[in-house]
There are 2 protein chains.
Amino acid sequence: MAYSIGEVSEMLNISISTLRYYDKEGLLFRVNRTTGNIRVFDDTDIECLKMIECLKTTGMQLKDIKLFFHWCEEGDSTIDKRYQLFLEQKEKTEKQIELLQHALDRVNYKCEYYRLAKEKGTTNDPSLQDELAMKYLTKDNNK
Amino acid sequence: MAYSIGEVSEMLNISISTLRYYDKEGLLFRVNRTTGNIRVFDDTDIECLKMIECLKTTGMQLKDIKLFFHWCEEGDSTIDKRYQLFLEQKEKTEKQIELLQHALDRVNYKCEYYRLAKEKGTTNDPSLQDELAMKYLTKDNNK
DNA sequence: ATAAAACCTAAACCTAACTTTAGGTCAATA
DNA sequence: TATTGACCTAAAGTTAGGTTTAGGTTTTAT
């Protein structure tokens, strides 16, 4: 299937200007053009864009994503590089999830804290700290 | 306890220039100064900085973190605002973790893909796709 | 055939979150 | 007391990842 830039933008919820920016940065070198210089995306290009979104989510920079796609073009000689890249990205992503989970724990504590404070009408009620201590057993969550 | 900017920088692993930047942006308005205009951080300031780190991890912008600290200063009249802020941040963080987990699944699939490709010496071996399909039951992971 | 919608490029602009630089002040030590 | 290391400010510079603007071309529908 062939898609215009506007169709791709709608399908993947990526703005047209972002798609052109990715192209300019060398990430979409696979994308064909008509004789009139209009971009024509195919299904493989869509898959590439989904991979870009995935890697961006894990925190990879566009220049590194570009590198990966160029390694793909180079063929089997770069398999190990690509393998190492994904192993590294796996580590980074796992660490990032851990960090976020830890932050979420603290945010949840604060939700509970302010829910109780709202009930009491003040953050100065001594029973507020007590109830939270009871619930969480340690006040370390608040650190 | 009182700490110099250098000590805080070491303790929390935040660069001195970043600490000064946070101060300039109005996030550290609690921090005292000596008569000689040198910053003096106390334990509450350290807690504030830990909260900044936490909220930054969840993707909150400095201007919104600043707002939160100012609400804290305003007292009990802002309890509900603060409660809503943390509820919203909880939602956002949970969504972010889900997104990251989904991306991680795809990265893991790619690790497995390239591990096998490395074994075969090529990404073109038909058994590569077969073995992955076997392992994951669906090729959707690769989308 | 023509008008409007969709596309194109290049270049300037934007934002957040810092970092660096330049030029100076403060405070602990020899 | 002099020097050295830690601190200070203001302002400019940096980076990534875009968006916007201006001016033009192509395609599609009437």
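Being a predicted model, the structure only gives us computed values, none of them experimental. Chain identifiers are assigned alphabetically (A, B, ...) following the order of the sequence lines, protein sequences preceding nucleic acid strands; residue numbering begins at 1 within each chain.
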Show the distances under 3.5 angstrom between N or O atoms of the protein and N or O atoms of nucleotides 16-19 of chain D.
residue	atom	partner	partner atom	Å
D/dG17	OP2	A/Leu62	N	3.4
D/dG18	OP2	A/Tyr22	OH	3.0
D/dG18	OP2	A/Lys56	NZ	3.3
D/dG18	O3'	A/Thr18	OG1	3.4
D/dT19	OP2	A/Ser15	OG	2.8
D/dT19	OP2	A/Ser17	OG	2.7
D/dT19	OP2	A/Thr18	N	3.4
D/dT19	OP2	A/Thr18	OG1	2.5

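- In this structure A/Tyr21 satisfies the side-chain contact (heavy atoms from CB on, under 4.5 Å) test together with A/Glu25, A/Leu62, sequence neighbours excluded.
- Qualifying ring pair (Phe, Tyr, Trp, His ring centres under 6.0 Å) partners for B/Phe68, counting only residues two or more places apart in sequence or in other chains: B/Phe86.
- Contact between the side-chain N/O atoms of B/Arg20 and the OP1/OP2 oxygens of D/dC8 is found at a separation under 4.0 Å.
- In this structure, the NZ atom of B/Lys66 is 14 Å from the C1' atom of C/dA16, given to the nearest Å.
- Under the salt bridge (charged side-chain N to carboxylate O under 4.0 Å, His left out) criterion, A/Arg20 pairs with no residue at all, not counting sequence neighbours.
- For DNA chain C, the neighbouring residues in residues 29-39 of chain A, judged by any heavy atom under 4.0 Å, are A/Arg33, A/Asn37, A/Ile38, A/Arg39.
- Sorted by first and then second residue, the side-chain hydrogen bond (donor to acceptor under 3.5 Å, both in side chains) pairs involving residues 80-89 of chain A (not counting sequence neighbours) are A/Thr58-A/Gln89, A/Thr78-A/Arg82, A/Asp80-A/Gln84, A/Asp80-B/Lys118, A/Arg82-B/Tyr114, A/Glu88-A/Lys92.
- Under the salt bridge (charged side-chain N to carboxylate O under 4.0 Å, His left out) criterion, B/Lys90 pairs with B/Glu94, not counting sequence neighbours.
- Partners of B/His70 under the ring pair (Phe, Tyr, Trp, His ring centres under 6.0 Å) rule, at least two apart in sequence or in another chain, are B/Phe29.
- Between the two ends of the helix from C/dA1-D/dT30 to C/dA30-D/dT1, each summarised by a five-pair axis, the helix axis turns through 0° (rounded to 10 degrees).
- The distance between atom CG of B/Leu27 and atom P of C/dC18, rounded to the nearest whole Å, is 10 Å.
- Taking Ile, Leu, Val, Met, Phe, Trp and Tyr as members and joining any whose side-chain heavy atoms lie under 4.5 Å apart, directly or through other members, the hydrophobic cluster of A/Ile97 also contains A/Leu100, A/Leu104, B/Ile97, B/Leu100, B/Leu104.
- Residues forming a side-chain contact (heavy atoms from CB on, under 4.5 Å) with B/Ser127 (at least two apart in sequence, or on another chain): B/Lys120, B/Asp125, B/Glu131.
- B/Leu99 shares a hydrophobic cluster with no other residue; no ILVMFWY side chain has heavy atoms under 4.5 Å from its own.
- Atom CD1 of A/Ile5 and atom C1' of D/dT25 are 15 Å apart (whole Å).
- At a cut-off of 3.5 Å, with distance as the only test, a side-chain donor of B/Asp43 or B/Tyr3 sits close to an acceptor on the other residue.
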